[in-house]
2 protein chains.
Amino acid sequence: MPASITYTYEYPRPALTVDCVVFGFEVGVGVGVGVGAAFKVLLIRRKLPPYEGQWALPGGFVQMEESVEAAAVRELQEETGVKDVFLEQLYTFGAVGRDPRDRTVSVAYYALINLQSHPVQAATDASDARWFKLFELPKIGAKIETVLGFDHAEILDCALARLQAKIRYEPIGFELLPKAFTLSQLQRLYEQILNRPLDKRNFRKKLLKMDLLIDTGQQETGVAHRAAQLYQFDLEKYRALKQRGFSFEL
Amino acid sequence: MPASITYTYEYPRPALTVDCVVFGFEVGVGVGVGVGAAFKVLLIRRKLPPYEGQWALPGGFVQMEESVEAAAVRELQEETGVKDVFLEQLYTFGAVGRDPRDRTVSVAYYALINLQSHPVQAATDASDARWFKLFELPKIGAKIETVLGFDHAEILDCALARLQAKIRYEPIGFELLPKAFTLSQLQRLYEQILNRPLDKRNFRKKLLKMDLLIDTGQQETGVAHRAAQLYQFDLEKYRALKQRGFSFEL
DNA sequence: ACAAAAGTGTTATGATTACACCCATGG
DNA sequence: CCATGGGTGTAATCATAACACTTTTGT
């Protein structure tokens with residue numbers, strides 16, 4: 001702790017931090033045995049007080065020479081090794097008592113990452129990062145939350161609510177899948193996030209009718225059943241349609 | 001400027017402010033001549049540099065002993081005299097150069113007020129507050145924006161986009177109307193905010209079918225044509241339905 | 001040959017759109 | 001008696017929801 005260098009202001013200032021809720025989706029693994037899809041959040045174990053040893057959202061202080069969003073990108077990379085992912089501002093948490101040490105206001109972000117192309121460094125400079133399943137068992141969401149420090153359970157709830165709402169009217173679910181995916185993987189993703197079953201035929205009909213999925217001509221390999229067609233989301237076409245008033249709706 | 005009392009920190013801290021986008025809706029006035037509805041924003045004229053003399057969003061610094069939201073409520077009251085209104089967090093603006101003097105991060109809110117019950121103090125402690133019409137003429141939105149200081153034009157655009165989106169799936173439009181209103185006033189409100197015409201019969205059918213409007217039994221008075229029925233929005237019932245999965249959709 | 005998931009159409013119902021005239025009131 | 005906006009119904013189209021069997025592949 002440098003006792004010498006300090007910064008002085010005429011009025012007191014809250015500390016400003018960012019926190020990131022990082023969501024990932026494990027598509028059902030190939031071999032048939034491996035079983036089901038899982039929707040997950042990335043947490044890191046705190047090495048310092050307060051809440052030392054407990055799990056928390058990755059995050060940290062906003063520096064003077066970076067934008068708030070840049071701080072979120074940086075902290076995500078530093079604490080989890082994750083970069084180049086979908087990141088969107090969620091909400092700013094500014095209650096007076098939310099940090100027991102100091103007045104701290106935190107701008108929360110949420111990130112969507114595809115576990116195939118972004119393997120997480122489980123430990124970056126000795127920090128401990130781990131994926132936790134949401135909805136693993138009935139109300140394990142609640143279990144996780146009792147373990148989270150600060151108001152991070154509230155932030156996680158807020159992020160989940162946002163994702164559940166937004167995935168229905170923006171094509172952001174694709175950020176959680178590999179570039180090429182099957183329609184069943186996409187359906188399982190929606191089912192996991194919305195936490196309810198969807199009708200297979202209606203789901204496929206609706207998505208294919210939008211004409212935003214490109215058939216890659218490739219198929220799944222190494223599965224013990226009929227191989228599924230692989231598709232890619234046509235982001236270019238989506239952007240063009242959106243300009244003209246098209247709305248992605250599931 | 002008190003030169004003596006200061007606050008020092010080990011690391012530099014951005015200043016933290018709030019800004020409020022206050023929307024109001026002028027229902028068409030009674031007498032037939034008075035003409036049309038108008039959708040408006042409340043701005044204040046800056047008395048101090050930077051951007052002295054220009055128009056800006058009401059706002060100010062977050063104090064240590066108040067939540068960020070409380071700061072927004074307080075600033076709104078201090079600068080415009082408005083209180084007890086719908087207020088929701090919009091977005092946090094944290095670009096590095098957004099304030100020319102100092103690194104400042106601003107949490108923006110938007111408020112919806114009903115001009116009947118909340119007349120604005122045009123001047124509170126000598127500050128100058130005024131309503132500006134959005135969409136007054138084609139692209140006068142752009143005209144206002146050239147006059148706004150900081151990144152307030154961007155904040156205003158963001159608030160407008162949010163309102164346009166949200167009014168379609170949450171019953172927040174009622175915040176802009178008097179408690180009792182006619183269906184035509186409500187329709188004009190939607191038309192103004194969404195900036196497109198709606199079919200009268202379909203609009204009424206849809207709203208009445210939801211069964212969330214209470215017929216007050218009262219009628220409009222002082223109009224030079226058949227008097228319209230006055231309705232109130234049934235907030236209690238809406239909350240109950242929402243719990244059970246109902247979604248307000250226009 | 002069995003297990004496991006892929007793929008595929010039809011029908012019934014409800015929602016959305018488009019559209020034009022008579023009514024009540026005040027001036 | 002005229003001008004102004006209030007109030008009303010129907011028919012065509014489109015979107016949604018419910019539902020079951022055959023196909024392909026690996027073991």
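Here is the naming used below: chain letters follow the sequence lines, and residue numbers restart at 1 for every chain. Just so it is clear, the model here is predicted, and its values are computed rather than measured.
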query = What is the distance from CZ of A:Phe203 to P of C:dT8, rounded to the nearest Å?
reply = 15 Å

message = Just verifying a value: how many Å separate A:Leu156 CG and A:Asp19 CG, rounded to the nearest 0.5 Å?
response = 11.5 Å

message = To the nearest 0.5 Å, what is the distance between CD on B:Glu175 and CD1 on B:Ile113?
response = 11.0 Å

message = Whole angstroms only, please: what is the CD-C1' distance between A:Gln219 and D:dG26?
response = 14 Å

All N/O contacts under 3.5 Å from nucleotides 10-14 of chain D to the protein, with atom names and distances to one decimal?
unit_1: D:dT10; atom_1: O4; unit_2: B:Lys205; atom_2: NZ; d: 2.9

message = Quick check on B:Arg162: does its CZ atom have over 12 non-hydrogen neighbours (other residues, nucleotides or ligands) under 6.0 Å away?
response = yes

key: salt bridge (Lys or Arg N to Asp or Glu O under 4.0 Å) contacts in which one or both residues fall within residues 232-250 of chain A, not counting sequence neighbours   = A:Glu170-A:Lys242, A:Asp211-A:Lys237

task = Compare side-chain N and O positions of A:Lys206 against OP1 and OP2 of D:dA15 and report whether any pair is under 4.0 Å apart.
result = no

Side chain of A:His225 - closest among C:dA5, C:dG7, D:dG5 = C:dA5

request  = Would you kindly give the CG-to-P distance between B:Leu250 and C:dA15, to the nearest whole Å?
outcome  = 15 Å

inquiry  = I'd like to know if A:Arg204 reaches the base of C:dA6 with its side chain such that a donor and an acceptor end up less than 3.5 angstrom apart.
reply    = no

query = Taking CD from A:Glu249 and P from D:dA15, how many angstroms apart are they, rounded to a whole number?
reply = 13 Å

task = Could you check how far CG of B:Asp199 sits from P of C:dA20, rounded to whole Å?
result = 11 Å

task = Kindly indicate whether the side chain of A:Phe25, heavy atoms from C-beta on, has any atom under 4.5 Å from the side chain of A:Leu115.
result = no

inquiry  = Below the 4.0 Å mark, does D:dG5 have OP1 or OP2 next to a side-chain nitrogen or oxygen of B:Ser184?
reply    = no

key: First of A:Lys200 and B:Tyr231 reached from the 5' end of DNA chain D, by closest nucleotide   = B:Tyr231

query = Say you draw a straight line from CD of B:Glu220 to CG of B:Leu230; how long is it, rounded to the nearest 0.5 Å?
reply = 6.5 Å

inquiry  = Quick check: do A:Phe174 and A:Asn114 have side-chain heavy atoms less than 4.5 Å from each other?
reply    = no

query = How close or far is atom P of C:dT8 from atom CG of A:Leu207, stated in whole angstroms?
reply = 14 Å

Length of the CG-P vector between B:Leu208 and D:dG6, whole Å = 14 Å

message = Over all strands shown, is B:Gln229 touching base, sugar-phosphate only, or nothing at heavy-atom distances under 4.0 angstrom?
response = sugar-phosphate

inquiry  = Please report the distance, rounded to the nearest Å, between CZ in A:Arg201 and C1' in D:dT22.
reply    = 12 Å

